[in-house]
2 protein chains.
Amino acid sequence: MENSQKALVLLRQIIRSTDMQDKDISRSTGLTPPQLMVMQTLRENTQLTTGELAKEMVLTQATVTSILDRLERKELIARERGIEDKRKVWVSLTEKGVELMKGAPTTQQDIFVRNFEDMQNWEQSMIVSSLERIAFMLNAQHLDAAPLLDIGELDRSQQEYSKN
Amino acid sequence: MENSQKALVLLRQIIRSTDMQDKDISRSTGLTPPQLMVMQTLRENTQLTTGELAKEMVLTQATVTSILDRLERKELIARERGIEDKRKVWVSLTEKGVELMKGAPTTQQDIFVRNFEDMQNWEQSMIVSSLERIAFMLNAQHLDAAPLLDIGELDRSQQEYSKN
DNA sequence: AGGGGATAATTTGTATTTCTAAGTATTTAT
DNA sequence: ATAAATACTTAGAAATACAAATTATCCCCT
């Protein structure tokens, strides 16, 4: 098989694995995958606005608002109007939210780190630079391909998420 | 930063990029992301049963059934009762489905392949073996961690996707 | 042969995600 | 000071996702 095909297959495997892991964590925390993603993002950033969360998760603000509604009802996050800019809403984990995220969610990362650190240093470096290469390529690709794909939008017949 | 942390960050970037790409393709084909995933899976496998699709996509059969309903309504896939085992339902792309998948969806992969093939051979090999390593690790990890995470299920208070 | 359990898919019912469009409040720029 | 832009929410609708129940078929065992 071509190297490029191998890489594509492996990438799909990697994405599938992380997807399954996310579902494991979802189940063990009692959160849905999007809710979990909000929690994870907040764990790493302390405080974010609704808009920043939306951008980070590649979702619309409206979507994030509704996910936050549910997390707020469960008292896992708190919303706070901005003082300096009152349009903004700052979101952060509550005590309870921090507590929940202390359990299972870290486990997976810990296992990864442990396995990763068992490798020889040269291999770690090799992997990091490979991942850098791939990440860069894929990122550039998204930017390049978006305009290309828009050409196809002219004649699509069954458009609109909300109409299928 | 630690190598392991770098790797984690890069993996997240990679997943985010592919996620954005999928959304681009979704928009250009007029399919939702899950619908697209069914189509892509079928493009690679010619014929699959509902259950095989569900397993491949890490979803329940019920969910896949409802996605298939909509794709069938659009005449992009066809269902056919198994002959040798009548419980099974074989799913495949229709002419129209194949046609739709010929456009945009391949573009992204083509760009990837083109970029990948521009690299030196030694670098291609390096990346492939790095991805192999990561894919293997993550896969093993899912299997290892699942039982661990189940322990936490005993005292979870807000369980169940369908009750949040 | 023929019943009981397992398997494959669907149906049902409900919560959640996700989007677009419209609306509100606030800030910024002219 | 007013218009445009920004940040977020609300409203409404389609799609996704699950568990549980149902239907049909298969397979095994006595």
To the nearest angstrom, how far is [X] atom [atom1] from [N] atom [atom2]?
X: E80(B); N: dA8(C); atom1: CD; atom2: P; value: 18 Å
X: L31(B); N: dT16(D); atom1: CG; atom2: C1'; value: 14 Å
X: E56(A); N: dA7(D); atom1: CD; atom2: P; value: 16 Å
X: L71(B); N: dA14(D); atom1: CG; atom2: C1'; value: 14 Å
X: D69(A); N: dC8(D); atom1: CG; atom2: C1'; value: 11 Å
X: D19(B); N: dT17(C); atom1: CG; atom2: P; value: 15 Å
X: L59(B); N: dT10(C); atom1: CG; atom2: P; value: 14 Å
X: L53(A); N: dT9(D); atom1: CG; atom2: C1'; value: 15 Å

So, is [X] close to the [N] phosphate, meaning a side-chain N or O under 4.0 Å from OP1 or OP2?
X: S66(A); N: dT17(C); value: no
X: T32(A); N: dA15(C); value: no
X: T60(B); N: dC18(D); value: yes
X: Q61(A); N: dC8(D); value: yes
X: T65(A); N: dT9(D); value: yes
X: R79(A); N: dC8(D); value: no
X: T49(B); N: dA9(C); value: yes

Review point. Are any non-hydrogen side-chain atoms of L71(B) and L31(B) less than 4.5 angstrom apart?
Key: yes
Practice item. Quick one, give me the B/S/- string for nucleotides 21-26 of chain D, reading 5' to 3', where B means a protein heavy atom under 4.0 Å from the base and S means that only happens at the primed atoms, P, OP1 or OP2. Key: ---BBS
**Study point:** Candidates dT17(C), dC8(D), dA17(D) - which lies nearest the side chain of I67(B)
**Key:** dA17(D)
Practice item. Quick one: pull up CD1 in I14(B) and CE in M137(A) and give me the separation to the nearest 0.5 Å. Key: 10.5 Å
Would you say [atom1] of [X] has more than 12 non-hydrogen atoms from neighbouring residues, nucleotides or ligands within 6.0 angstrom?
X: Q5(B); atom1: CD; answer: yes
X: E72(B); atom1: CD; answer: yes
X: E2(B); atom1: CD; answer: no

Point to revise | Given DNA chain D, 5'-ward residue of the pair G51(A) and K23(A), judged by closest heavy atom | key: G51(A)
Exercise for review: For the pair R133(B) and S129(B), evaluate side-chain hydrogen bond (donor to acceptor under 3.5 Å, both in side chains) and give the outcome as yes or no after the intermediate values.
Suggested key: CA-CA 6 Å; R133(B) 203 79 160 82; S129(B) 55; over 6 Å; no
Revision key, fill the gap. side-chain hydrogen bond (donor to acceptor under 3.5 Å, both in side chains) test vs N3(A) passes for just one of E117(B), E123(B), Q124(B), namely Q124(B)
